[in-house]
Amino acid sequence: MEKTFYQQVIYLIKKIPKGKIATYGLIARLAGSPRAARQVSYILHSSSGKEKLPWFRVVNSQGKISLRSGAGLETQKKLLEDEGIEFREDGSIDLKLFLWKNINIE
DNA sequence: AACCTGACTTCGG
DNA sequence: TCCGAAGCCAGGT
């Protein structure tokens with residue numbers, strides 16, 4: 001049985017460990033569609049509420065939050081900092097230190 | 001069924 | 001190194 005891209009994304013995001021982050025591209029890749037990073041963001045946007053996902057642990061490939069100020073950026077940043085993730089002066093996260101790389105798909 | 005949109009990524013200038 | 005344009009996938013209208 002093959003899960004839908006949507007289900008894969010939800011599943012993977014739920015597995016992101018606390019204190020770690022993932023990029024849209026990484027999630028898309030693990031979900032089976034390396035080029036569907038945009039779709040990942042879309043899924044988070046539409047399902048973060050009902051699925052209770054740690055959407056804030058997902059940032060873009062630059063380690064930055066893609067949201068615009070006022071659209072959730074501050075909230076996300078605060079949540080991440082609360083988990084021990086540090087931001088640089090320009091508001092980016094050091095992917096080498098916080099990127100989720102402990103991948104384990106069932 | 002066709003077109004539009006987006007919390008992305010990547011390549012070229 | 002920075003900015004703009006194109007490519008990509010899936011869901012919504």
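When reading the values below, keep in mind they use all heavy atoms of this one structure, side chains included, and skip hydrogens, waters and symmetry mates. Lettering of chains follows the sequences in order, A, B, ..., and the numbering in each one begins at 1.
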Minimal heavy-atom distance between A:Lys20 and A:Leu97, with the atoms involved, is NZ-O, 3.2 Å
[atom1] of [X] versus [atom2] of [N]: gap in Å, rounded?
X       : N      : atom1 : atom2 : result
A:Leu30 : B:dC8  : CG    : P     : 18 Å
A:Lys64 : B:dT9  : NZ    : P     : 13 Å
A:Gln39 : B:dT9  : CD    : P     : 14 Å
A:Ile21 : B:dC8  : CD1   : P     : 14 Å
A:Ile27 : B:dT9  : CD1   : P     : 11 Å
A:Asn60 : B:dT10 : CG    : P     : 11 Å

Please determine whether side-chain contact (heavy atoms from CB on, under 4.5 Å) holds for the pair A:Lys15 and A:Tyr11, giving the CA-CA distance in whole Å, both sets of side-chain angles, and the decisive distance to 0.1 Å.
CA-CA 7 Å; A:Lys15 293 197 59 167; A:Tyr11 171 75; 3.5 Å; yes
Walk along DNA chain C from 5' to 3' and tell me the first and last nucleotide with an atom closer than 4.0 Å to a non-hydrogen atom of chain A.
C:dG7 to C:dG12
Select from A:Tyr42 and A:Gln62 the residue whose nearest nucleotide in DNA chain B is closer to the 5' end of that strand.
A:Tyr42
By nearest heavy atom, map A:Phe5 and A:Arg38 onto DNA chain C; which one lands nearer the 5' end?
A:Arg38
Residue closer to the 5' end of DNA chain C, A:Arg35 versus A:Ser46 (nearest nucleotide):
A:Arg35
Does a donor on one side chain and an acceptor on the other come within less than 3.5 Å for A:Tyr24 and A:Ser66?
no
A:Glu83 and salt bridge (charged side-chain N to carboxylate O under 4.0 Å, His left out): which partner among A:Arg57, A:Lys18, A:Lys78?
A:Arg57
Is there a side-chain contact between A:Ser66 and the phosphate of B:dC8, meaning an N or O under 4.0 Å from OP1 or OP2?
yes
Is a side-chain N or O of A:Ser47 found less than 3.5 angstrom from the main chain of A:Leu44, in a donor-acceptor match?
no
I'd like to check A:Thr75 versus A:Leu67 (side-chain heavy atoms, cut-off strictly below 4.5 Å). Are they in contact?
no
Side chains of A:Lys14 and A:Leu53: closer than 4.5 Å at any heavy-atom pair?
yes
Numerically ordered, the residues 72-93 of chain A set in heavy-atom contact under 4.0 Å with DNA chain B is none
Do the side chains of A:Ile21 and A:Trp55 join up, straight or via other hydrophobic residues, at under 4.5 Å, putting them in one cluster?
yes
Evaluate side-chain contact (heavy atoms from CB on, under 4.5 Å) for A:Val58 paired with A:Ile16, printing each intermediate quantity in order.
CA-CA 9 Å; A:Val58 183; A:Ile16 300 176; 4.0 Å; yes
